[in-house]
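What follows is one structure encoded as structure tokens, with my remarks underneath.
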Amino acid sequence: MTDDAASTLENMRTQMERAQEYAQVTENVFTRLLHPERTLEVSLPVLRESGEEEIFKGYRCQFSGARGPYKGGVRYHPSVSMDEVIALAGLMSSKTALVSLPYGGAKGGVVCNPKELTRNEMKRLTRRYTEGIRRMIGPKMDIPAPDMNTGPREMAWMMDTFSVYEGHTIPEVVTGKPLELGGTPGRVEATGRGVAIITEKILEYYGRSPKNTTVAIQGFGNVGSWAGRLLAERGANVIATSDVTGGIYNSDGLDTHDVAAHVESSGQIAGYDGDVDPISNDELLRLDVDVLIPAAVSHSITADVAEEMQADIVVEAANGPTTPRADDILVERDIPAVPDILANAGGVIVSYLEWVQNTQEYRWTLEEVNADLERRLANTFDEMVEAYRSYETPDLRTAAYTISLDRQATAHAYRGLFP
Ligand code: NAD
């Protein structure tokens, strides 16, 4: 098997092994950091509208709790598997440590196709899943959040189900809730805003600015569309974007707000009638742009794409978009890639700020949330660049993972091994 076909879990372990060489981590602790602490599989019987019962599979993995309560989203998708959930939980542990949040990492998922479920079926599935994992979660234990195909609506159902069992309302058991139930201003666009902040930082690092920079974005969902709109507001020219239904291109720049409005009303890019030419996903990834932002799925930047890529810089908005072999090629070709565990950390940072507000029973303004997000991401970017220079790591990803490994190893060293 080539590593382009390797699982997300194998890729994550490869990345951690690359950083081990530079981190202050003993072999014993490193071995612990490669293994999830626990993974639960649940069978979820759900009543379909037809009157039949269908069993869905669900998972919750708590990868590492050394640095604080477990934290991570819940994904609904037909391709969800235990391996993928474990890998994404591991990525969360690396991410929370890198951006210095007092959390460990977790992830959840249900194998289902939300497009084939009615609202009531989604509600019954979400409530049953919450019941299935409720002994594992809690505001001081493990705090779920939205991920692919889940959002404020599902978080409200999860919060309600958990609260019913506890006998009182506990908003801080999940983040990403609607504003009226203790959600925070700024959460919906947080990941895209983080991508825009980090893109600006990496451009500054190379003595450039977003102004008149050309950008291509693969995936125009929550993350891609907000990153596109916020980069356009900073003066960038988003010349191409795409989704599962295809892509659009205009060398003078797309009207990102107009495209976002079209996607919001129709659910897809196909059918957009602005002044654009069609472009395939393969062509988009090979466009001659200043910045390429993969914001769709894992493994989109394979070795082949890395060989033929013409972008100057990659900013990873999606989780795990670059395979380790593609990483090696990008290093050889001197194309820097800002890793996912920093570039898309805006979501978990603002989730943390929501949890802090809930536990303090206090509401921050949007300006306060955005300023805190920007400060945390900018500081972490500077730390990553400092590690890249001082450790002389081959790339920014290894630098980011080295910082993260160091922080997790320090927590393990202080806590010791039980018993
Ligand atoms: P989303 O479902 O809102 O959007 C995904 C987009 O990718 C859609 O436009 C979809 O059509 C497109 N897409 C899917 N498969 C594709 C393919 N094969 N080729 C081209 N486009 C394709 O999801 P999102 O929340 O925007 O998440 C995007 C990525 O960012 C995922 O990898 C997710 O794990 C990651 N991420 C999201 C968040 C968040 O807060 N939403 C946080 C961290 C990381």
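Reckoned from all heavy atoms, side chains included, excluding hydrogens, waters and symmetry mates. In each ligand, atom 1 is the first atom listed, and ligand 1 is the first ligand listed.
Ring geometry for Tyr129 versus Tyr76: interplanar angle over 60°, hence perpendicular rather than tilted (30 to 60°).
For the atom pair CD (Gln62) and CZ (Arg38), the distance works out to 5.0 Å, reported to the nearest 0.5 Å.
In this structure, Lys71 and Ala145 approach most closely via the heavy-atom pair NZ-CB, 3.6 Å.
If you look at Val297 next to ligand 1, the close heavy atoms, those under 4.0 Å, all belong to the side chain. For Ser300, no heavy-atom contact with ligand 1 is shorter than 4.0 Å. Under 4.0 Å from ligand 1, heavy atoms of Asp243 appear from its side chain as well as its backbone. Under 4.0 Å from ligand 1, not a single heavy atom of Ser298 appears.
If you check which protein heavy atom lies closest to atom 2 (O) of ligand 1, you get Met148 CG, 4.3 Å. Of the protein's non-hydrogen atoms, the one nearest atom 28 (C) of ligand 1 is Ala295 O, 3.3 Å. The protein heavy atom nearest to atom 3 (O) of ligand 1 is Asn222 N, 2.9 Å. Counting only heavy atoms of the protein, atom 16 (C) of ligand 1 lies nearest to Val244 CG1, 3.4 Å. Remark: minimum distance from atom 27 (O) of ligand 1 to any protein heavy atom is reached at Val223 CG2, 3.8 Å. Looking only at protein heavy atoms, the nearest one to atom 40 (O) of ligand 1 is Thr191 OG1, 2.7 Å. Looking only at protein heavy atoms, the nearest one to atom 31 (C) of ligand 1 is Ala296 O, 3.3 Å.
Ligand 1 places these atoms under 4.0 Å from at least one heavy atom of Gln218: 19 (N), 20 (C).
If you check the side chains of Thr245 and Asp243, you find a donor sitting under 3.5 Å from an acceptor. Under the 3.5 Å distance criterion, with hydrogens and angles disregarded, no donor-acceptor pair is assigned to the side chains of Asp147 and Thr150. Residues Arg229 and Ser225 bring a donor and an acceptor atom of their side chains to less than 3.5 Å of each other. A donor and an acceptor atom, one from each side chain of Gln218 and Ser300, are located under 3.5 Å apart. Arg407 and Ser100 share a side-chain donor-acceptor pair at under 3.5 Å.
Between Gln268 and ligand 1 there is no heavy-atom distance shorter than 4.0 Å.
Taking all heavy atoms of Ala317, Gly346, Gly194, Ser280 into account, the minimum distance to atom 35 (C) of ligand 1 is reached by Ala317.
Considering backbone and side-chain N/O atoms, Asn319 comes within less than 3.5 Å of an N/O atom of ligand 1. In terms of polar-atom proximity, defined here as any N/O pair under 3.5 Å, Phe220 does make such a contact with ligand 1. At a 3.5 angstrom cut-off on N or O pairs, Arg75 counts as close to ligand 1. In terms of polar-atom proximity, Gly221 is counted as a contact of ligand 1, with an N or O under 3.5 Å from an N or O of the ligand.
A cation-pi arrangement is present between Arg134 and Tyr165 under the rule of less than 6.0 angstrom and at most 45 degrees off the ring axis.
For Tyr70 and Phe63, the ring centers sit 6.0 Å or farther from each other.
A salt bridge does not link Lys95 with Asp340: every distance from a Lys NZ or Arg NE/NH1/NH2 to an Asp or Glu carboxylate oxygen is 4.0 Å or more.
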